[in-house]
Amino acid sequence: MQRLLSPSRSVEAEPVPPPRDTEHRIRQHLTGVWRYLRMHGANPHEADDLTQEAFVIALQKHALGLDAAATATFLRRTARFLFLRLRRDHREAVLLADAVDALWNRDCAEHDGDEMLAALRQCVEQLQGHARTAVELSYGLGAFDPTRRTDVAAALGLLPNGVKTLMQRVRQQLRGCVERRQRATRSTP
């Protein structure tokens with residue numbers, strides 16, 4: 001994502017020199033826009049490209065000069081439009097977009113998903129045994145690269161269907177853990 005701040009089309013696209021705090025504003029919103037696109041289903045490379053494109057548009061339209069909340073809204077709406085344009089042949093992306101927005105606004109908008117990610121990390125740390133190993137292997141956590149289910153099954157001495165069932169239970173356990181942590185965070189003043 002660093003290429004966003006390097007000389008590129010974003011510099012050429014801006015007819016008026018950006019304000020001094022443009023780099024700060026980009027850094028302030030960069031992670032949130034990227035995570036928002038990943039929630040929509042963009043792969044990491046698509047999220048990188050679409051995030052950069054959203055910031056180019058924001059620079060062209062001088063949207064980075066708005067207050068932080070308005071800038072975030074502009075960037076999310078632009079990113080959503082760009083993602084849906086990319087997926088225009090995939091009807092399910094359009095159908096899920098409103099649900100993703102509702103989820104983002106409910107759980108992530110205030111802190112760009114930082115609190116949810118911190119809660120998830122804490123919940124994963126609490127996992128033990130096969131559950132933790134399966135998550136680490138499947139999602140490429142720690143020193144591991146993401147691994148296929150058959151490889152996870154071989155590493156754990158399980159059948160692939162056993163790994164599928166284990167991961168379903170672990171995801172449910174993690175979802176409950178994250179929700180409890182978020183409720184606890186919201187209830188503390």
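Because only heavy atoms are used, hydrogens play no part in the values below, and waters and symmetry mates are left out as well, while side chains stay in. Being a predicted model, the structure only gives us computed values, none of them experimental.
The heavy-atom pair separating P160 from A153 by the smallest distance is N-CB, 3.7 Å. Considering every non-hydrogen atom in both G113 and R35, the closest pair reads C-NH1, 3.5 Å. Nearest heavy atoms, L37 versus A47: CD1-O, 3.8 Å. Contact record, R38 with P44: NH1-CD, 3.3 Å, taken as the closest heavy-atom pair.
Ion pairing between a basic and an acidic side chain is recognised when a charged N comes within 4.0 Å of a carboxylate O; D101 and R76 show no such pairing. Looking at E125 and R132, a side-chain N of the basic residue comes within less than 4.0 Å of a carboxylate O on the acidic one, giving a salt bridge.
The closest donor-acceptor contact from the side chain of R181 to the backbone of V178 lies at 3.5 Å or more, if one exists at all. Remark: the backbone N or O of Y36 is not paired with any side-chain donor or acceptor of R80 at under 3.5 angstrom. Judged by distance alone, the side chain of D67 and the main-chain N or O of A70 form a donor-acceptor pair under 3.5 Å. Although no hydrogens or angles enter the test, the distance criterion places a donor-acceptor pair under 3.5 Å between the side chain of E46 and the main chain of N43.
No continuous path of hydrophobic side-chain contacts links V100 to L120 [ILVMFWY only; heavy atoms under 4.5 Å]. Under the 4.5 Å side-chain heavy-atom criterion for grouping Ile, Leu, Val, Met, Phe, Trp and Tyr, L66 is not connected to L30 through any hydrophobic cluster. The hydrophobic clustering, which links ILVMFWY residues whose side-chain heavy atoms are closer than 4.5 Å, places V152 and V124 together.
In this structure, L158 CG and T133 OG1 are separated by 10.5 Å, a value rounded to the nearest 0.5 Å. Rounded to the nearest 0.5 angstrom, R149 CZ and L159 CG are separated by 11.5 Å. Taken to the nearest 0.5 Å, the CG atom of D21 stands 13.0 Å off from the CZ atom of R27. Separation of atoms CZ (F74) and NE2 (H29) is listed at 12.0 Å; rounding is to 0.5 Å. Distance check: H111 NE2 to T31 OG1 gives 14.5 Å after rounding to the nearest 0.5 Å. Here E53 contributes atom CD and F83 contributes atom CZ; the two are 13.5 Å apart, rounded to the nearest 0.5 Å.
Checked options T78, T73, T71; the residue passing with L75 is T71 (criterion: side chain to side chain contact (heavy atoms under 4.5 Å, CB included)).
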Trace of the side chain to side chain contact (heavy atoms under 4.5 Å, CB included) decision for R121 with L117: CA-CA 6 Å; R121 285 184 177 132; L117 191 55; 3.6 Å; yes

Worked check of side chain to side chain contact (heavy atoms under 4.5 Å, CB included) between M39 and C108: CA-CA 11 Å; M39 282 183 69; C108 301; 4.3 Å; yes

Candidate pair V163 and H130, rule side chain to side chain contact (heavy atoms under 4.5 Å, CB included), full reasoning: CA-CA 9 Å; V163 172; H130 280 346; over 6 Å; no

In residues 167-177, what donor-acceptor pairs under 3.5 Å come from side-chain atoms, sequence neighbours left out?
from	atom 1	to	atom 2	distance (Å)
R171	NE	Y139	OH	2.9
R171	NH2	Y139	OH	3.3

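Contact annotation: the side chain of L82 approaches that of I57 to within less than 4.5 Å [non-hydrogen atoms, C-beta and beyond]. When side chains are defined from C-beta on, L50 does not count as touching V33, because their heavy atoms never get closer than 4.5 Å.
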